[in-house]
Amino acid sequence: MDVKTIIPSTRATIMIVGEAPGEVEEKCGMPFVGSDGTTLRKILTQAGIFYGECIITNTSCRRIKTFFLDKKQENPTPDFALQIARLKDEIETLNPNIIVALGAIPLRVLTGLSGLKALRGTIVQSSLVPGKKVLVTYHPKAVTYDWSLFYQSVMDFRKVRHESLNPEFREYKAELKVAPGKQDILQYLDFLYENRKEFVVAIDLEHLTPGAHISWFGISHNENFGMSVRFIENRVQCFPEMDEVEIWASIAKLCSSGIKLVFHNASYDVMNLWHNQGVWCENIHFDTLLSAHVLWPEFPKDLGYLCSILLNVPAWKHTSGNQYEHGEYNAQDAANTRALYDKMSPLIAADENYKVTFEREMAQIELAGYMQLRGVEVDPAQKEALHKEFFEKMTAIETGLSTILKKEINFSSPKQMQELLYVDMGLPVQYKRRKSADDPRVVTTDAEALEKLYIATQDPVLKLLLEYRKYNKILQSINIELSPENKAHTSYNISGTETGRWSSSKSIILDYGSGNLQNVDRRVRKMYRGPANCRLIQADYIGAEAHVVSHLIQDHKVIKAFDDGTDIHKLTASIMFNVPYDEVTPELRTIGKTIRHATNYSAGPAVLQSKLKVTLKVAKEYLTRFQNATPQLALWHEKLRAKLSEDRILVTPLGRKRIFMDRWGDQLFRSAYAFVPQSTIGDLLNISMTDFYEKNKTEKGFGLWMQLHDAIYVWYDQNLDPVPIAQKMLESMHRPIKLPHIDLYIGVDFKEGENWKEMEGLKI
DNA sequence: GATTTTACGTA
DNA sequence: CGTACGTAAAATCT
């Protein structure tokens, strides 16, 4: 039976086209009746579209095995060709203002194009019925499979709603000036400078790798105009030396004039301009990357994606095609960034939480850039010594292993390790711990599995394998390339996480060091240090996340302990094992610490088992005992779940908002439990650090060295007294978290030393 | 050659 | 069935 197109009784402006009916649809004779239909209805509801006012159909109104005869999808099968003709007929008769293509097949049929990912969210002209607008988005089946696509689909349908108001296809008509001559460039820059009080100007750079030398400079003051200055072509300068100097001088004059500047990831562009060209951007007015991060931390944030949901521009994707093409993208990037500013700034301004969070992130741009360019010093002699030490250890184990195993094995190869453990040695196959009960079981040879097998068999080979891999990993973090000044650099990413913590990754501008400086192995930290004749001060928030949790759940015993400066983990152990506080042994304290941490984030017994190296039974017992001692925690978790079921939104005490879009279940809950404490401390530290930077950036004998989620590091001249400097750090870090019932202050602990490893308590 | 998976380091 | 990250090397895809 044919599945009939659903046609509303009044004239419909939106036509939704799926692929082909499935078994269920064919039986009822209705499109989208199964789980895909449920998903589609949910998406439409969220987007403010009534299902009943849409024309709903498929490219084929009966089940179909093969759509096309060829792989290129140019020739439909005879059956499908008839269906396409039927669809064309329906479009012409029903005359909707906009057609939505759900997935790749409708995209192909309606537009003749392919490449769903690149075209998603954009409006293209139909080739089937010329003049008709087609918006491309995911098929609900893809959303049902990967729920994180849900809100992206909602955004697409919001655009559909807007586009359904009229049938006109608007041609993209921006004027793009690519690689103009010197006079044109200077004339435009002068024009911008003359209007510096009124204009908002977007800038975008393209660079060469390695070195991040600027090859194209894109600039736009208006969404319908973009200019791309070509500086380098095929590694050769495009302008005579003096002309290039003149152009850069003009750019520098404009950027330092106080004109409002807009970027997509300012800490990269601004610092590249400064580092490579000495151009200083005085007024970083708006960053579209940061605004996207504040508005939708869970969405993709690249320019192409943002344009697809907020603008009406055709998809323009970056290819490594010819140079001129690259310039066109660059000019369009600048124009689109300028257009995004117009769309995004009202969204930020409309919500107080968005506003404060955005302003806070904007305030971090200069600091993040500064810390990237500054880098951290490494002692080459210490690096060499560490390498020698661990290389010898690794070699010794390698020799031991090769005499026992008699065959060459790459211990870094999961495949070969599986062969060795589960085939040659005949050990019981170990599986990775799953995130959710319905995840598939995956065979593993990771450290946790090896530990488990070692406990069971006491086979020394397992211990050797563990040690070999450990030393091999450490050597990786020692064998890093240093800059000519013996420094390692990292790019601190303000928008790197969904919590507001910074992430740390390889710097494009100064590609030296391990890249991520936030996961450096403790055993190699000895080689990192401050400048010559300087030492380091560390300031970290004490038990920060646990402190926040204790207030959120109103655990008065623990709150009081934090207030009194009692050792919280000792207290935990004392309560759990029912021993007097003063008789808690270090071993018991460790157990208390691990359990508190694990339980706050709803870890299961298997995690405790592997962390504490106890049996599953004992781990379960510990958990039960802790939960009994802290009944408030489960209540709070319940409260969070109730809030999530209401609107899936959580807001932290510092105003950061996050929508939890995962499929309803334990994994979503655990992310939610972790969010508020983790985000609050991340934001608190970044606020404090920015405050410290702004207040002290002109000081000579000390300065910021590193950021580590809940700690900051400062280098200082060893001839100075560290205490007053630590006091300045404390001034910036002693900062209230405003909770409904109290202003919460998190304690700060200080350490001091000559390198990142050897640090000892500093009393202030 | 590009992309995904595995393993593992940090808070 | 802790979350939040990034990277190297191996495995896999095209």
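These figures come from a predicted structure and were not determined experimentally. Sequence lines set the chain letters: A, B, ... in the order given, protein chains first and strands last, and positions in each chain run from 1.
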>> Judged by each residue's nearest nucleotide on DNA chain C, which is more toward the 5′ side, A/Gln678 or A/Arg670?
In response: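 Closest to the 5' end, via its nearest nucleotide, is A/Arg670.
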> If you pin A/Leu616 and A/Phe660 to their nearest nucleotides in DNA chain C, which one's is more 5'?
Replying inline: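 Nearest nucleotide further toward 5': that of A/Leu616.
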Check every strand shown and say whether [X] touches a base, only sugar-phosphate, or nothing at a heavy-atom separation below 4.0 Å.
X: A/Glu498; answer: sugar-phosphate
X: A/Ala447; answer: sugar-phosphate
X: A/Asp666; answer: base
X: A/Ala606; answer: sugar-phosphate

> Backbone N or O of A/Thr499 within a donor-acceptor pair of the A/Ser679 side chain at under 3.5 Å?
Replying inline: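 Yes; at least one donor-acceptor contact below 3.5 Å.
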>> Can a donor-acceptor pair be found, under 3.5 Å and without considering hydrogens, that links the side chain of A/Gln430 to the backbone of A/Pro428?
In response: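 Present.
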Does some side-chain heavy atom of [Y] sit less than 4.5 Å from a side-chain heavy atom of [X]?
X: A/Thr445; Y: A/Leu420; value: no
X: A/Met417; Y: A/Leu465; value: yes
X: A/Arg522; Y: A/Arg525; value: yes

>> Can you list, in residue-number order, the parts of residues 429-436 of chain A that come under 4.0 Å of DNA chain C, counting heavy atoms only?
In response: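 Those residues are A/Arg433, A/Arg434, A/Lys435.
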> Aromatic rings A/Tyr492 and A/Trp502: how do their planes relate, parallel, tilted or perpendicular, breaks at 30° and 60°?
Replying inline: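 Rings of A/Tyr492 and A/Trp502: tilted, as their planes differ by 30° to 60°.
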Just the rounded figure in Å: distance from [atom2] of [N] to [atom1] of [X].
X: A/Tyr601; N: C/dC5; atom1: OH; atom2: C1'; value: 14 Å
X: A/Gln418; N: B/dT5; atom1: CD; atom2: C1'; value: 12 Å
X: A/Glu467; N: B/dC8; atom1: CD; atom2: C1'; value: 16 Å
X: A/Leu685; N: B/dT10; atom1: CG; atom2: C1'; value: 15 Å
X: A/Met527; N: B/dG9; atom1: CE; atom2: C1'; value: 14 Å
X: A/Arg501; N: C/dT3; atom1: CZ; atom2: C1'; value: 8 Å
X: A/Asp521; N: B/dC8; atom1: CG; atom2: C1'; value: 10 Å
X: A/Phe675; N: B/dA11; atom1: CZ; atom2: P; value: 22 Å

> Among all residues two or more places apart in sequence or in another chain, which pass the side chain to side chain contact (heavy atoms under 4.5 Å, CB included) test with A/Ile508?
Replying inline: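 Side chain to side chain contact (heavy atoms under 4.5 Å, CB included) list for A/Ile508, sorted by chain: A/His207, A/Ala212, A/Tyr268.
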> Who pairs with A/Lys432 by side chain to side chain contact (heavy atoms under 4.5 Å, CB included), at least two apart in sequence or on another chain?
Replying inline: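 A/Val442, A/Thr444, A/Asp446.
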Using a cut-off of less than 4.0 Å, is there contact between a side-chain N or O of [X] and OP1 or OP2 of [N]?
X: A/Thr499; N: C/dC5; answer: no
X: A/Ser477; N: B/dG9; answer: no
X: A/Arg523; N: B/dC8; answer: no
X: A/Ser679; N: C/dA4; answer: no

Pairwise N/O distances under 3.5 Å, protein to nucleotides 7-10 of chain C:
{"residue": "C/dT7", "atom": "OP1", "partner": "A/Lys506", "partner atom": "N", "Å": "2.5"}
{"residue": "C/dA10", "atom": "OP1", "partner": "A/Asn410", "partner atom": "ND2", "Å": "2.5"}
{"residue": "C/dA10", "atom": "O3'", "partner": "A/Ser413", "partner atom": "OG", "Å": "3.4"}

Which nucleotide in the set [options] lies at the smallest distance from any side-chain heavy atom of [X]?
X: A/Arg658; options: B/dA7, B/dA11, C/dA4; answer: C/dA4
X: A/Arg525; options: C/dT3, B/dA11, C/dC1; answer: B/dA11
X: A/Arg469; options: B/dC8, B/dG9, C/dA4; answer: B/dC8

> Which pairs with one or both residues in residues 664-676 of chain A pass side chain to side chain donor-acceptor pair (under 3.5 Å), sequence neighbours excluded?
Replying inline: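 Qualifying pairs, neighbours excluded: A/Arg641-A/Tyr673.
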> Does A/Phe669 have its ring centroid less than 6.0 Å away from the ring centroid of A/Phe660?
Replying inline: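 That pair fails the under 6.0 Å test.
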> Among A/Arg360, A/Lys657, A/Arg735, which one satisfies salt bridge (charged side-chain N to carboxylate O under 4.0 Å, His left out) with A/Asp683?
Replying inline: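 It is A/Arg360, the one option of A/Arg360, A/Lys657, A/Arg735 that forms the salt bridge (charged side-chain N to carboxylate O under 4.0 Å, His left out) with A/Asp683.
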> How does DNA chain C read in dot-bracket, base by base from 5' to 3', with Watson-Crick or G-U pairs under 3.5 Å and | used when the partner is on another strand?
Replying inline: ..|||||||||||.
>> Working note: A/Arg529 + A/Glu377, criterion salt bridge (Lys or Arg N to Asp or Glu O under 4.0 Å); need CA distance, chi angles, decisive distance, verdict.
In response: CA-CA 5 Å; A/Arg529 52 147 206 216; A/Glu377 293 78 1; over 6 Å; no
> Going through the distances and angles, do A/Tyr713 and A/Gln538 end up as a side-chain hydrogen bond (donor to acceptor under 3.5 Å, both in side chains)?
Replying inline: CA-CA 5 Å; A/Tyr713 291 79; A/Gln538 175 203 40; 2.8 Å; yes
